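Working notes, structure below.
Since this is a predicted model, take the numbers as computed values, not measurements.
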Amino acid sequence: MHSFGYRANALLTFSVTILAIMCTMGSLSDNFNNPTPTSEVQVLNINWFQKQPNGNDEVSLTLNVSANLQSMFTWNTKQVFVFLAAEYETPKNNLNQVSLWDGIIPSKEHAKFWIHTTNKYRFTDQGSNLRGKDFNLTLHWHVMPKTGKMFEDKIVMTGYRLPQEYR
């Protein structure tokens, strides 16, 4: 006859194995979800565009950000981290990214939103590279699951341009 410790070890090992298999199957089920998020950003106003005393350009924007990210939520989604970035090129760097706004979406009910805001973080360039610069606004998101690996994606919105002169 087996001892109590041996039986408890066998039961615990079996339970953990079944739990690991269920977590793996659940995580793999997210691969069948094909999200179709949508987003639109409008630049309503350039509040100011100035050269700082240290020589850097700084911009303040008023934005309307609307998005529908509900298709990213499945039974396995814990939350979604979202941020809006301005992306542009300079002679020194092929890609400059400046975060303008971010947020955490805790549930599917909050995943369809419209926000009227100014940029939450400073839109500053190290140098005088922003005058007349074309830039993209990109909505990035990171889906944080309850189990399994995180995934990220983005929507790039083109066609934005800063003025030639400081305001």
Side-chain angles (χ1 to χ4, degrees), residues 1-44 56 58-90 92-126 134-160:
M1 193 113 190
H2 297 292
S3 69
F4 174 76
Y6 181 77
R7 289 180 183 179
N9 184 31
L11 181 62
L12 183 64
T13 302
F14 177 73
S15 299
V16 169
T17 302
I18 294 300
L19 182 62
I21 290 170
M22 290 177 65
C23 286
T24 302
M25 288 174 38
S27 180
L28 291 175
S29 73
D30 274 348
N31 292 333
F32 298 114
N33 181 33
N34 292 323
T36 55
T38 58
S39 177
E40 182 180 341
V41 178
Q42 295 175 325
V43 177
L44 299 178
N56 297 336
E58 182 179 3
V59 182
S60 173
L61 304 171
T62 300
L63 306 165
N64 275 347
V65 181
S66 63
N68 184 353
L69 308 177
Q70 291 178 326
S71 62
M72 287 190 277
F73 279 83
T74 65
W75 69 272
N76 191 29
T77 305
K78 181 178 181 181
Q79 64 186 11
V80 177
F81 175 72
V82 182
F83 69 97
L84 181 68
E87 299 179 344
Y88 58 96
E89 293 182 11
T90 58
K92 199 175 204 181
N93 299 307
N94 287 337
L95 178 63
N96 294 281
Q97 290 182 315
V98 179
S99 182
L100 301 177
W101 171 85
D102 66 8
I104 295 175
I105 302 171
S107 64
K108 188 174 187 173
E109 292 76 33
H110 296 97
K112 189 173 186 178
F113 59 89
W114 177 86
I115 297 169
H116 177 81
T117 186
T118 59
N119 43 307
K120 188 175 177 180
Y121 305 106
R122 291 179 175 247
F123 185 176
T124 304
D125 179 67
Q126 295 176 344
D134 291 323
F135 67 99
N136 299 330
L137 290 174
T138 305
L139 189 72
H140 296 261
W141 59 85
H142 299 264
V143 177
M144 297 167 197
K146 294 174 184 168
T147 181
K149 70 174 190 159
M150 288 177 40
F151 74 91
E152 60 186 67
D153 206 353
K154 63 185 175 182
I155 296 175
V156 178
M157 294 158 276
T158 61
Y160 300 96

Keeping [X] on the side-chain end and [Y] on the backbone end, is there a donor-acceptor pair under 3.5 Å?
| X | Y | result |
| --- | --- | --- |
| Asp153 | Ile155 | no |
| Asn76 | Thr147 | yes |
| Ser71 | Thr36 | yes |
| Thr77 | Met72 | yes |

Shortest non-hydrogen contact between [X] and [Y], atoms and distance:
| X | Y | value |
| --- | --- | --- |
| Lys108 | Gln70 | O-NE2, 3.4 Å |
| Pro37 | Leu69 | CB-CD2, 3.5 Å |
| Leu84 | Leu139 | CD1-N, 4.1 Å |

Spacing of [atom1] belonging to [X] relative to [atom2] belonging to [Y], to within rounding of 0.5 Å:
| X | Y | atom1 | atom2 | answer |
| --- | --- | --- | --- | --- |
| Gln79 | Phe73 | CD | CZ | 8.5 Å |
| Tyr160 | Leu61 | OH | CG | 10.5 Å |
| Gln42 | Met157 | CD | CE | 11.0 Å |
| Thr17 | Leu12 | OG1 | CG | 9.0 Å |

Could you go step by step and tell me if Leu44 and Asn64 meet the side-chain contact (heavy atoms from CB on, under 4.5 Å) rule? CA-CA 7 Å; Leu44 299 178; Asn64 275 347; 3.5 Å; yes

Contact between Leu63 and Val43 at the side-chain level, heavy atoms closer than 4.5 Å - yes or no? yes

Do the non-hydrogen side-chain atoms of Glu58 and Arg122 ever get within less than 4.5 Å of each other?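 Answer yes - side chains close enough.
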
Sequence neighbours excluded and cut-off under 3.5 Å, please list the side-chain donor-acceptor pairs for residues 93-107, or say none.
from   : atom 1 : to     : atom 2 : distance (Å)
Asn93  : ND2    : Asn96  : OD1    : 3.3
Asn96  : ND2    : Tyr88  : O      : 3.3
Asn96  : ND2    : Thr90  : OG1    : 3.1
Gln97  : NE2    : Glu87  : OE2    : 2.6
Asp102 : OD1    : Lys120 : NZ     : 2.7
Asp102 : OD1    : Tyr121 : OH     : 3.2
Asp102 : OD2    : Tyr121 : OH     : 2.9
Ser107 : OG     : Glu109 : OE1    : 3.2
Ser107 : OG     : His110 : ND1    : 2.8

Is it the case that over 12 heavy atoms from other parts of the model lie below 6.0 angstrom from the NZ atom of Lys146?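 Result for NZ/Lys146: enclosed.
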
Determine whether more than 12 heavy atoms belonging to other residues, nucleotides or ligands lie under 6.0 Å from atom CE of Met150. yes

Derivation of the side-chain contact (heavy atoms from CB on, under 4.5 Å) call for Phe83 and His142: CA-CA 9 Å; Phe83 69 97; His142 299 264; 3.8 Å; yes

